[in-house]
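Just so you know, these numbers come straight off a predicted model, no measurement behind them.
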Amino acid sequence: MNCIILAAGKNSRLDTGKPKSLLEINGMTLMERHIRNFRLVGVEHFCVVTGHNPEPLRDFIPHLAASYGVHIDLVHNDRYDLENGYSVSVTKDWVNGHRAEHFFLTMGDHAFQPEFVTAFGEKVLSAELNSKLILAVDKPGEWNRHIDIEDVTRVLASEQGEILNIGKMIEEYNCYDTGLFLMQSSVFDVLNNCFSRGEYTISNMVSRLIADKQARVLELSGYTWNDVDNPEDLNTTKKLDFN
């Protein structure tokens, strides 16, 4: 399996002079946490998408690859002013070069408990992968009361696991988007269709897949995760137990 980690953002809400993926949570950078966690489910090939201020990642990645015995390629997104769907699109040649029918995708500024990633990996890799996109979601509960409800992407899913709606502003929802995906390589065609309409987010792509019933959720509730978007998120995340 292969894994893509998006780390191209401008860090407009949390600018420390380095990419957010290099922020440390309890002594370990967010990027290293991703490499460690996905290594546990057998990932040996990673693609990190850089954009704004790429030099710190270019310096850090070779040491990280050597430490974990994995291959980490850097793909640069010159249009990091666009939204995250465009960062996914620049990895198309990398995915095709690895002949990857499926790949994991996550965000460089997210933090996951290792057991969350391994549970997702084990479940999706042992199932019949008949959807173009599978999104790990969390049900609202006591364990995730730290999540910023005004900023998290909300998901409405059916009892059968089909995604019915997605977005930060939707009023009817029953899940949180955790930023952890398994995707088929065919999503690149969907992204191109979105771009032709001026739509550049991953949520835009998911919305297109919903129409074809090709977007599903995998509910994994009770694990620790967070999205580090601003100083408050960073302080909150440092207090969580990611073991």
Side-chain angles (χ1 to χ4, degrees), residues 1-7 21-22 25-49 57 60-75 84 87-88 91 94-139 143-144 155 161 163 175-187 202 206 215-228 237 240-243:
M1 289 299 298
N2 305 282
C3 179
I4 295 168
I5 304 172
L6 305 185
S21 59
L22 294 184
I25 304 296
N26 300 330
M28 183 182 292
T29 65
L30 294 172
M31 182 62 69
E32 181 173 356
R33 287 180 179 277
H34 283 322
I35 302 301
R36 178 198 64 177
N37 291 348
F38 285 98
R39 189 73 180 87
L40 293 173
V41 292
V43 174
E44 296 183 352
H45 295 271
F46 293 83
C47 177
V48 174
V49 181
L57 277 170
F60 181 71
I61 288 299
H63 304 288
L64 188 58
S67 296
Y68 285 87
V70 296
H71 301 277
I72 307 177
D73 296 310
L74 295 173
V75 174
N84 56 10
S87 285
V88 179
T91 68
W94 184 87
V95 170
N96 290 340
H98 284 80
R99 299 179 180 179
E101 293 184 5
H102 302 87
F103 56 89
F104 291 111
L105 173 77
T106 195
M107 315 298 142
D109 59 356
H110 283 211
F112 300 119
Q113 182 181 5
E115 290 82 0
F116 182 30
V117 176
T118 55
F120 181 70
E122 289 169 1
K123 289 180 181 295
V124 296
L125 296 180
S126 63
E128 292 187 14
L129 303 176
N130 53 6
S131 294
K132 292 182 180 180
L133 178 146
I134 300 175
L135 167 63
V137 298
D138 194 9
K139 293 280 190 180
W143 56 87
N144 56 33
V155 180
I163 299 179
C175 305
Y176 297 145
D177 172 353
T178 68
L180 176 57
F181 299 83
L182 184 76
M183 298 183 180
Q184 290 185 6
S185 57
S186 56
V187 299
I202 293 174
V206 175
R216 300 185 62 82
V217 300
L218 177 62
E219 182 194 338
L220 292 169
S221 295
Y223 295 96
T224 304
W225 64 280
N226 204 20
D227 177 4
V228 184
T237 304
L240 299 174
D241 182 11
F242 286 100
N243 55 18

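Residue A119 comes nearest to Y223 through the heavy atom pair CB-OH, 3.6 Å, listed as atom of the first residue, atom of the second, then distance. Nearest heavy-atom pair across T106 and G179 is OG1-O, 2.8 Å. The heavy-atom pair separating F38 from F46 by the smallest distance is CB-CE2, 3.6 Å. Minimum heavy-atom separation, G222 to W143: N-NE1, 3.2 Å. Nearest heavy-atom pair across A100 and N2 is CB-ND2, 3.3 Å. Residues A111 and L30 share a closest heavy-atom pair of CB-CD2, 3.7 Å.
Residues forming a salt bridge (charged side-chain N to carboxylate O under 4.0 Å, His left out) with D109 (at least two apart in sequence, or on another chain): K20. Not a single side chain to side chain donor-acceptor pair (under 3.5 Å) links N84 to another residue, sequence neighbours left out.
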Q: Take I5 and I35 through the test side-chain contact (heavy atoms from CB on, under 4.5 Å) and record every step on the way to the result.
A: CA-CA 9 Å; I5 304 172; I35 302 301; 4.0 Å; yes
Q) Stepwise, does the side-chain contact (heavy atoms from CB on, under 4.5 Å) test hold for I4 with V95? A) CA-CA 9 Å; I4 295 168; V95 170; 3.8 Å; yes
(Q) Using side-chain contact (heavy atoms from CB on, under 4.5 Å), reason through L105 and I202 one step at a time and then give a plain yes or no. (A) CA-CA 11 Å; L105 173 77; I202 293 174; 3.9 Å; yes
Q) When you look at F120 and I134, which way does the side-chain contact (heavy atoms from CB on, under 4.5 Å) test go after all the steps? A) CA-CA 10 Å; F120 181 70; I134 300 175; 4.2 Å; yes
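Side chain of T29 to backbone of E32: a donor-acceptor contact under 3.5 angstrom is found. Between the side chain of N144 and the main chain of W225, no donor-acceptor pair closer than 3.5 Å is present. A donor-acceptor pair is defined here as one N or O able to donate and one able to accept, closer than 3.5 Å; no such pair exists between the side chain of S131 and the backbone of A215. T178 contributes a side-chain N or O that, together with a main-chain N or O of A136, makes up a donor-acceptor pair within less than 3.5 Å. Between the side chain of H34 and the backbone N or O of H110, at least one donor-acceptor pair lies under 3.5 Å.
One distance of note links CD1 of I72 with SG of C47; it measures 10.5 Å at 0.5 Å rounding. Atom OG1 of T237 sits about 3.5 Å away from atom CG of N226, to the nearest 0.5 Å. F103 contributes atom CZ, which lies 9.5 Å from atom CD of Q184 (distance to the nearest 0.5 angstrom). Rounding to the nearest 0.5 Å places CD1 of I61 at 5.0 Å from CE of M31. Of the inter-residue distances, the one linking L133 atom CG with I163 atom CD1 reads 6.0 Å to the nearest 0.5 angstrom. To the nearest 0.5 angstrom, R39 atom CZ is 4.5 Å from E44 atom CD.
For residues 219-228, the set of pairs meeting the salt bridge (charged side-chain N to carboxylate O under 4.0 Å, His left out) definition, not counting sequence neighbours, is empty.
Considering N37, T224, L240 as possible partners of Q113, the one that fulfils the side-chain contact (heavy atoms from CB on, under 4.5 Å) test is T224.
Taking 4.5 Å as the limit, every side-chain heavy atom of Y68 sits out of range of all side-chain heavy atoms of V43. Side chains of R33 and F112 form no contact here, defined as non-hydrogen atoms less than 4.5 Å apart. Here the side chains of L135 and V206 are not in contact, with every heavy-atom distance at 4.5 Å or above. At least one side-chain heavy atom of D73 sits under 4.5 Å from a side-chain heavy atom of H98. At least one side-chain heavy atom of P114 sits under 4.5 Å from a side-chain heavy atom of L40.
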